[in-house]
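Have a look at the structure below, then the notes.
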Amino acid sequence: QTEEEEIRIGFSQAMLNDEWRQSMNNAMELQASLYPNVTLEISNANYNVQQQIEQLKNFIGDSVDIIIVSPIQSKPITPIVEEAMKAGIPVLVVDRKTDNQKYTAYVGADNIEVGRNAGNIIVSNVQDSLSVVEIRGLAGSSPAEERSLGFHQILDKFPKIKFAGTIEGDWEKESITESLRELLSRTGPVDYIFAHNDRMAMGAWEVARNLAMEGQIKIIGVDGLNGPNGGIQLVKDGVLSATILYPTGGAEAIDIALKILKAEVVPTNNILSTTVIDRFNADIMQNQFTKINEQQGLIESQISAIKRQEQLYYSQNNILKIIITF
Ligand code: FRU
């Protein structure tokens with residue numbers, strides 16, 4: 001093994017209480033562990049913007065080699081990202097963006113396309129008039145703004161499609177249950193609900209079920225995680241009529257960060273592909289992701305086997321040195 005320079009990556013994760021974020025962190029950790037010279041420090045900003053700013057300040061103070069950040073909201077995180085750049089530390093923004101392009105690069109899916117995908121599902125089913133509710137993610141976070149933009153780009157061209165209401169959520173289902181219950185009790189069942197993520201989509205389904213409307217409303221979410229609580233399963237169970245895949249980009253973030261540090265040319269926008277998952281492809285998607293997970297598990301156990309061998313080698317080597325000095 002050649003002596004490579006130590007690389008320190010500081011990652012500020014917006015929050016860690018959902019499976020999408022956990023899977024992003026896992027992917028990052030696994031990818032980073034492939035490079036013995038890379039240290040990845042992950043800090044969890046816990047939905048607290050002030051805390052996220054502090055974390056970035058600390059990374060700047062520590063002179064990490066590169067900062068990766070998934071900003072809780074765009075505006076408040078913009079100045080500190082600029083500050084890092086001015087201090088000569090490259091910044092890679094993942095999933096959520098800051099307000100200007102003053103970062104080294106972005107990696108994530110195109111959230112305008114995510115919104116358009118959801119809109120296209122609805123317009124391809126429009127015959128007579130349709131009523132739609134949009135449930136938005138946290139205001140001021142770029143995926144919420146962009147998903148909404150893309151969704152409206154498609155639907156606003158169809159006068160037969162009427163918005164029965166827009167619900168302001170914060171990405172978590174608790175944020176939308178009361179207002180959705182109130183809205184649906186007033187309007188009666190709508191044809192479609194587009195929720196900006198699967199957790200809020202699940203919340204929407206629960207509200208609909210409590211009002212005995214679940215059979216009449218088609219719900220579309222975003223994320224499409226694999227696993228028992230993930231969006232793919234919800235599609236298979238008929239809870240969601242579709243979910244739009246939103247890859248976490250964890251592994252890609254590490255690779256791009258390392259390229260930036262090697263001074264390779266990296267595009268400013270590294271766009272991950274998204275796709276519609278519905279009852280026609282949910283099975284195949286689930287199989288594919290399960291296979292990928294199995295592969296990852298295998299890689300993880302191989303890495304820890306290598307580490308055990310290394311430790312054994314070093315301790316034997318030390319014993320040898322002691323014997324020789326005697
Ligand atoms: C996870 C999450 C996802 C959503 C993404 C948007 O914390 O809420 O459900 O797609 O963030 O940034």
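Indexing begins at 1, ligand by ligand and atom by atom, following the structure's order.
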Give the residue, atom name and distance (to 0.1 Å) of the protein heavy atom nearest [atom].
atom: atom 12 (O) of ligand 1; answer: Arg96 NE, 2.6 Å
atom: atom 10 (O) of ligand 1; answer: Asp223 OD1, 2.6 Å
atom: atom 8 (O) of ligand 1; answer: Arg199 NH2, 2.9 Å

Contact atoms of ligand 1, heavy-atom distance to [X] under 4.0 Å:
X: Asp18; answer: 1 (C), 7 (O)
X: Asp95; answer: 6 (C), 12 (O)
X: Pro143; answer: 6 (C), 12 (O)
X: Tyr246; answer: 10 (O)

| Would a distance-only check, ignoring hydrogens and angles, find a side-chain to backbone donor-acceptor pair under 3.5 Å from Asn197 to Trp171? |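 Looks like yes, one N/O pair under 3.5 Å.
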| query | Short question: side chain of Asn210, backbone of Val207 - any donor-acceptor pair under 3.5 Å? | reply |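 Not confirmed, Asn210 side chain does not pair with Val207 backbone.
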| task | List for me each residue that meets side-chain hydrogen bond (donor to acceptor under 3.5 Å, both in side chains) alongside Arg136, sequence neighbours excluded, and say none if there are none. | result |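 Per chain and number, Arg136 pairs via side-chain hydrogen bond (donor to acceptor under 3.5 Å, both in side chains) with Glu145, Ser148, Glu168.
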| message | More than 12 heavy atoms of other residues, nucleotides or ligands under 6.0 Å from NZ of Lys102: yes or no? | response |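 Open.
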| message | Counting neighbours of CG on Leu298 that are heavy atoms of other residues, nucleotides or ligands and sit closer than 6.0 Å, is the number greater than 12? | response |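 Yes.
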| Considering distance alone, does some N or O of Asn197 sit under 3.5 Å from an N or O of ligand 1? |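 Yes: some nitrogen or oxygen of Asn197 is under 3.5 Å from one in ligand 1.
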| N/O separation below 3.5 Å, Glu172 to ligand 1 |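 No, Glu172 has no N/O under 3.5 Å of an N/O on ligand 1.
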| Nearest-option assignment for atom 11 (O) of ligand 1, heavy atoms, candidates Arg21, Met15, Glu19 |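 Result: the heavy atom closest to atom 11 (O) of ligand 1 is in Arg21.
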| said: Between Tyr47 and Asn17, do the side chains contain a donor N or O and an acceptor N or O under 3.5 Å apart? | reply: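 Asn17 vs Tyr47: no donor-acceptor pair found between side chains.
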| field | Check ion pair Arg181-Glu178 (N to O, under 4.0 angstrom) | value |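 The answer is yes: the pair qualifies as a salt bridge.
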| field | Results of side chain to side chain contact (heavy atoms under 4.5 Å, CB included) for Glu29 - residues two or more places apart only | value |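 Side chain to side chain contact (heavy atoms under 4.5 Å, CB included) check on Glu29 returns Asn26, Leu40, Ile42.
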| task | Tell me which part of Arg147 gets within contact of ligand 1: side chain, backbone, both or neither, using heavy atoms under 4.0 Å. | result |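 Under 4.0 Å from ligand 1, Arg147 contributes side-chain atoms alone.
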